[in-house]
Amino acid sequence: MKLATWNVNSVNARLPLLLEWFREAAPDVCALQEIKCIDEKFPIEAFESLGYNCAVFGQKTWNGVAILSKFPLSDVTKGLPGDDSDEQSRYIEALVEAPQPVRFVGIYLPNGNPLGTDKFAYKLRWLERLHARAAQLLTLEEATIITGDFNIIPTKADCWKESVWLDDALYQPAVRQAYQGLKNLGYTDAFDVMPPEGNRYTFWDYQAGAWQKNEGIRIDHHLLSPQAADRLNGLVIHKDTRGRTHDEAKPSDHVPVEIELA
DNA sequence: ATGTCGATACAATATCGA
């Protein structure tokens with residue numbers, strides 16, 4: 001069973017490339033982030049024609065997350081619990097009704113830049129709420145996967161040059177500690193168990209020739225409950241999609257990251 | 001010298017967020 005995550009930076013701007021990749025890689029389940037549209041503008045028919053069920057939590061202009069699945073989806077939760085005033089679409093959760101079910105959580109964690117603003121405070125509060133939800137999910141004793149764009153560089157090995165990231169919200173000690181805190185609850189980062197050969201980055205900035213110079217970072221992660229970690233068989237970072245174009249469509253700045261579960 | 005994107009309000013460019 002292949003479960004992927006991809007920050008697509010607008011699902012509609014990316015659609016030709018997405019459909020091409022979904023045909024090739026054929027993930028069973030995929031979390032999308034930054035769909036950048038309201039629910040009514042999500043290209044549901046295009047994905048349904050490839051055999052996917054869609055759960056969408058959209059938003060105008062910014063953010064927006066979705067789950068695509070070849071298996072039925074049930075028990076869908078939209079929005080991260082813990083703050084009714086949070087209006088940003090960054091969290092979606094569903095039960096994937098496969099022969100061996102999986103509870104699948106897709107997140108688009110706040111970027112948090114620049115430091116010293118309410119944006120960074122929002123990121124820290126969001127992390128606290130995610131910690132609480134992650135702890136709650138563990139009590140279900142299910143195979144649970146929390147995946148998505150975490151906007152967190154876990155270690156200095158996960159960026160091309162540490163000095164560049166020291167003043168960035170993606171690499172702050174408090175943020176990295178919060179990520180470790182999720183692991184301390186009992187979640188496993190699939191990358192720690194199944195590091196791929198060669199590339200470890202999942203994002204290359206559009207600017208400053210970052211892709212051409214391989215100046216990337218690893219910020220798209222899969223966290224697995226013990227019941228899910230016991231089934232982990234592999235991890236693939238689809239780096240080639242970063243260099244692909246399709247007619248008018250240009251690549252996302254993130255690439256898909258996929259895990260294989262027994 | 002952030003050197004690029006995408007959505008939006010707006011009607012060719014500017015702003016915002018990343």
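Numbers restart at 1 for each chain; the letters A, B, ... are given by sequence-line order, proteins then strands.
- Using a 3.5 Å distance cut-off with no hydrogens or angles, the side chains of A/K123 and A/N111 do not pair a donor with an acceptor.
- Between the CD atom of A/Q59 and the P atom of B/dG6 there is a distance of 19 Å, rounded to whole Å.
- With B/dA7, B/dA9, B/dC16 as the candidates, the nucleotide lying closest to the side chain of A/W62 is B/dC16.
- Defined by atom type and a distance below 3.5 Å, a donor-acceptor pair is present between the side-chain atoms of A/S85 and A/D83.
- Spacing of P atoms, B/dG3 relative to B/dA14, comes out at 15 Å, to the nearest Å.
- Between the P atom of B/dT2 and the CG atom of A/D168 lies a distance of 16 Å, rounded to the nearest Å.
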**Request:** Begin from the C-alpha positions of A/T147 and A/L3 and carry the test side-chain contact (heavy atoms from CB on, under 4.5 Å) through to its verdict.
**Result:** CA-CA 9 Å; A/T147 188; A/L3 306 106; over 6 Å; no
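- For A/R14, the listed nucleotide lying nearest its side chain is B/dG6; candidates were B/dG6, B/dG3, B/dA9.
- Heavy atoms of A/R242 sit nowhere under 4.0 angstrom from any nucleic acid atom.
- Rounded to a whole angstrom, the distance from the P atom of B/dA18 to that of B/dA1 is 24 Å.
- Within the structure, no pair that satisfies the ring-ring contact (aromatic ring centres under 6.0 Å, His included) test touches residues 75-118 of chain A, not counting sequence neighbours.
- Using a 4.0 Å cut-off on heavy atoms, the residues of residues 202-210 of chain A that approach DNA chain B are A/Y206, A/Q207, A/A208, listed by number.
- Counting only heavy atoms from C-beta outward, the side chains of A/D149 and A/I219 approach each other to under 4.5 Å.
- With rounding to whole Å, A/N63 atom CG is found 12 Å from B/dT8 atom P.
- For A/D189, the salt bridge (charged side-chain N to carboxylate O under 4.0 Å, His left out) test picks out A/R218, with sequence neighbours left out.
- Contact check of residues 107-121 of chain A against DNA chain B (heavy atom, cut-off under 4.0 Å) returns A/Y108, A/N111, A/K119.
- Neither side chain, A/Y201 nor A/N214, offers a donor N or O lying under 3.5 Å from an acceptor on the other.
- Where A/V11 and A/K213 meet DNA chain B, the nucleotide closest to each residue was compared, and A/K213 sits on the side nearer the 5' end.
- The side chain of A/K250 lies closest to B/dC5 when the candidates are B/dC5, B/dA18, B/dT8.
- Regarding A/L170, its CG atom lies at a distance of 16 Å from the P atom of B/dG17, rounded to whole Å.
- The distance from atom CD1 of A/I152 to atom NE2 of A/H221, rounded to the nearest 0.5 Å, is 6.5 Å.
- Atom pair A/N9:CG and B/dA18:P shows a separation of 11 Å (rounding to whole Å applied).
- B/dC5 atom P lies 15 Å from atom NE2 of A/H254, rounded to whole Å.
- Note: NZ (A/K41) to C1' (B/dT8) measures 10 Å, nearest angstrom.
- Residue A/L15 contributes atom CG, which lies 15 Å from atom C1' of B/dG6 at whole-angstrom precision.
- Sorted by first and then second residue, the pairs that involve residues 95-105 of chain A and meet side chain to side chain donor-acceptor pair (under 3.5 Å), not counting sequence neighbours, are A/S74-A/E97, A/D75-A/R103, A/R103-A/E142.
- Listed by chain and number, the hydrophobic cluster partners of A/L32 are A/W6, A/V8, A/V11, A/L15, A/L18, A/L19, A/W21, A/F22, A/I35, A/F42, A/I44, A/F47, A/L50, A/Y52, A/V56, A/L68, where partners are ILVMFWY side chains within reach of under 4.5 Å, directly or through others.
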